[in-house]
Amino acid sequence: MKKHTTTRLVASTLASALVAGVAAGCNTGSSSGGKAFFGPGSTGAAGGAPGGGGGGGGGGLGQFSSAPALTAGARSQHTATTLPDGRVLVVGGTDGNGVYTTSEVFDPVANTWTSLDQISPTPADAQMINNGNATGRQLHTATLLQTNRVLIAGGIGVETPNQLTAMTTCYLFDSTTNAFTQTGAMPQGRGWHFASRLSNGHVLVAGGVNSQMLSLNSSATYDPATGQWTASGTSSFHTLGAMVSAGGQTLIVGGCQIGLNQQQQPAITGLPNPIVERYDVQARTFGQGAANVGHRIYYGAAVSSAGRPLFAGGSSTNGVEDTTEYYDTQTSAFVTGPQLNEARDTVEIAEIGGSADMLIVGGVDTQQAPLASCEIYQHTTNTIAGSVNMATPRVDHRVVTLLDGRILVIGGADANGNPLDQCEFYTR
């Protein structure tokens with residue numbers, strides 16, 4: 001089986017496959033179809049069995065149905081954001097050969113994807129331009145601001161021709177004009193990082209890796225009023241963990257440190273201590289947070305409309321996990337959640353409508369094979385209500401909740417590591 005674009009960590013080392021896996025999305029030296037290529041030289045059911053492929057499950061578990069395919073082509077490691085007007089913005093990613101400079105939007109009313117260059121005021125407005133060059137990126141972040149604009153920050157990609165790097169450049173997308181504008185650059189280039197909107201409306205970025213694919217423990221905050229970044233506190237190393245904000249609290253949970261091993265290759269060289277850190281918005285510092293179940297990477301994390309951060313799956317020294325937990329913001333403590341029907345990591349999680357129930361979508365199993373199965377976490381009972389299957393197993397996909405309550409699953413990679421243009425709806 002071909003390795004997935006994002007190489008996974010289950011044992012004690014990343015080895016050189018991590019670098020190869022990310023760089024594979026940014027090679028050769030040509031451009032085609034709106035994509036830029038650069039490189040050398042140029043989220044079993046409680047009441048029954050899981051549903052079959054393409055939907056099913058029954059018992060009020062909902063079902064999947066096909067959605068329109070991405071218009072610009074297959075992509076994984078992109079971002080997807082539900083906009084205030086109900087559309088979905090997809091930015092960047094990779095088709096396995098190069099990083100995308102293009103973006104597209106999904107209109108749930110028209111049920112169509114449209115490349116941004118078809119609806120932006122000018123072709124340049126449809127792309128993130130730095131010094132006259134369109135920037136392509138993957139493993140970046142997209143954060144919806146209180147101003148209803150979307151902040152695109154960093155990533156692994158290309159800011160200048162032929163140079164693969166952890167990026168500093170950042171852009172704002174305005175859904176009223178369908179245009180990108182450049183905003184202040186981060187103090188330090190980073191990709192595979194976390195971003196979260198804080199209680200004061202600023203955006204915190206932390207963790208991730210630099211251009212050498214080594215972990216960062218620095219952070220920075222973005223002020224939408226000034227469009228500028230300010231270096232913030234340092235934390236432990238939490239690469240491949242997660243950051244969530246809820247109830248006025250912002251936590252970084254789990255992850256690992258990627259350093260150089262004896263062969264001078266990127267590898268896991270440490271685990272975060274403390275495992276959970278809490279960010280103080282006023283002091284701009286990190287401090288120890290509540291204890292959780294332990295070290296893990298590649299797990300799913302999302303916050304429901306009820307303000308409950310849910311964590312599911314992931315990998316630890318025990319292998320791929322089938323455990324879940326949630327964080328209670330009232331008691332500032334982690335609570336053990338239900339066991340998943342299938343162990344899985346690299347999962348995505350989205351809320352089912354405004355119910356506070358969560359859909360745990362896809363990921364990979366203990367054999368690193370992408371999963372079609374998805375599991376439904378029931379908020380009020382803290383249980384897994386059952387499972388339902390997508391038509392296509394996938395990993396490195398993205399999921400968003402639409403304003404009408406449906407969940408849209410976007411792209412990702414299949415069992416051979418090939419990016420997908422296929423999308424699916426989940427409806428309960």
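It should be emphasised that the depicted structure is a prediction, and the values quoted were computed from it without experimental measurement.
Between I252 and M243, some side-chain heavy-atom pair lies under the 4.5 Å cut-off. Residues L251 and P309 are not in side-chain contact: their nearest non-hydrogen atoms beyond the backbone lie 4.5 Å or more apart. Put simply, the side chain of N178 reaches to within 4.5 Å of the side chain of L116, judged on heavy atoms. Between H295 and C256, the closest side-chain pair of non-hydrogen atoms is not below 4.5 Å. Looking at D414 and P370, their side chains never come closer than 4.5 Å, going by heavy atoms from C-beta outward. By the 4.5 Å heavy-atom criterion applied to side chains, I156 and W192 are not counted as neighbours. Within the 4.5 Å cutoff, the side chain of V203 has no heavy atoms near those of the L198 side chain. For the pair V388/Y426, a side-chain contact is recorded, criterion being any heavy-atom separation below 4.5 Å from C-beta on.
With sequence neighbours left out, D357 forms a salt bridge (charged side-chain N to carboxylate O under 4.0 Å, His left out) with R428. Taking S215 as the reference, F237, T239, Q257, I258 meet the side chain to side chain contact (heavy atoms under 4.5 Å, CB included) condition, with sequence neighbours excluded. Contacts of P274 classified as side chain to side chain contact (heavy atoms under 4.5 Å, CB included), with partners at least two apart in sequence or in another chain: E277, Q288. In this structure R406 satisfies the salt bridge (charged side-chain N to carboxylate O under 4.0 Å, His left out) test together with D404, sequence neighbours excluded. Considering only residues two or more places apart in sequence or on other chains, D421 meets the side chain to side chain contact (heavy atoms under 4.5 Å, CB included) condition with A69, L70, A74. Shown here are the salt bridge (charged side-chain N to carboxylate O under 4.0 Å, His left out) partners of D85, two or more places apart in sequence or in another chain: R87. Under the rule for a side-chain hydrogen bond (donor to acceptor under 3.5 Å, both in side chains), N148 has no partner lying at least two apart in sequence or in another chain. Checked against ring-ring contact (aromatic ring centres under 6.0 Å, His included), F194 has no partners two or more places apart in sequence or in another chain. Partners of R296 by salt bridge (charged side-chain N to carboxylate O under 4.0 Å, His left out), not counting sequence neighbours: none found. A search for side chain to side chain contact (heavy atoms under 4.5 Å, CB included) contacts involving Q263 returns N261, Q265, not counting sequence neighbours.
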Go through the steps to decide whether D345 and S315 satisfy the test side chain to side chain donor-acceptor pair (under 3.5 Å), and finish with yes or no. CA-CA 6 Å; D345 75 14; S315 287; 2.6 Å; yes

Run Q367 and D365 through side chain to side chain contact (heavy atoms under 4.5 Å, CB included) and show every step you take. CA-CA 5 Å; Q367 303 302 311; D365 63 14; 3.6 Å; yes

Tell me, with the steps shown, if T230 and H202 meet side chain to side chain contact (heavy atoms under 4.5 Å, CB included). CA-CA 11 Å; T230 303; H202 293 192; over 6 Å; no

Determine whether Q188 and N210 satisfy the following criterion, side chain to side chain donor-acceptor pair (under 3.5 Å), listing intermediate values before the conclusion. CA-CA 8 Å; Q188 185 174 17; N210 62 16; over 6 Å; no

Trace of the side chain to side chain donor-acceptor pair (under 3.5 Å) decision for Q127 with T101: CA-CA 6 Å; Q127 295 185 317; T101 64; 3.1 Å; yes

Would you please test T114 and T71 for side chain to side chain contact (heavy atoms under 4.5 Å, CB included) and show each step? CA-CA 6 Å; T114 304; T71 187; 5.8 Å; no

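Taking a 6.0 Å sphere around CD of Q330, one finds it holds 12 or fewer heavy atoms contributed by other residues, nucleotides or ligands.
Contacts classified as salt bridge (charged side-chain N to carboxylate O under 4.0 Å, His left out) and involving residues 64-79 (residues at least two apart or in different chains) are given here: R75-E104. Counting only residues at least two apart or on different chains, the ring pair (Phe, Tyr, Trp, His ring centres under 6.0 Å) pairs with a member in residues 264-287 are Y279-F286.
The aromatic rings of F180 and Y171 sit perpendicular to each other, their planes meeting at more than 60°, with 30° as the lower class boundary.
For the 3.5 Å distance criterion, the side chains of T183 and Y222 qualify, holding a donor opposite an acceptor.
Side-chain rings of F311 and F334 approach one another, their centers coming within less than 6.0 Å.
To the nearest 0.5 Å, the span separating OG1 on T366 from CD on E321 amounts to 12.0 Å. In this structure, CG in L216 is found 5.0 Å from CZ in R190, a value given to the nearest 0.5 Å.
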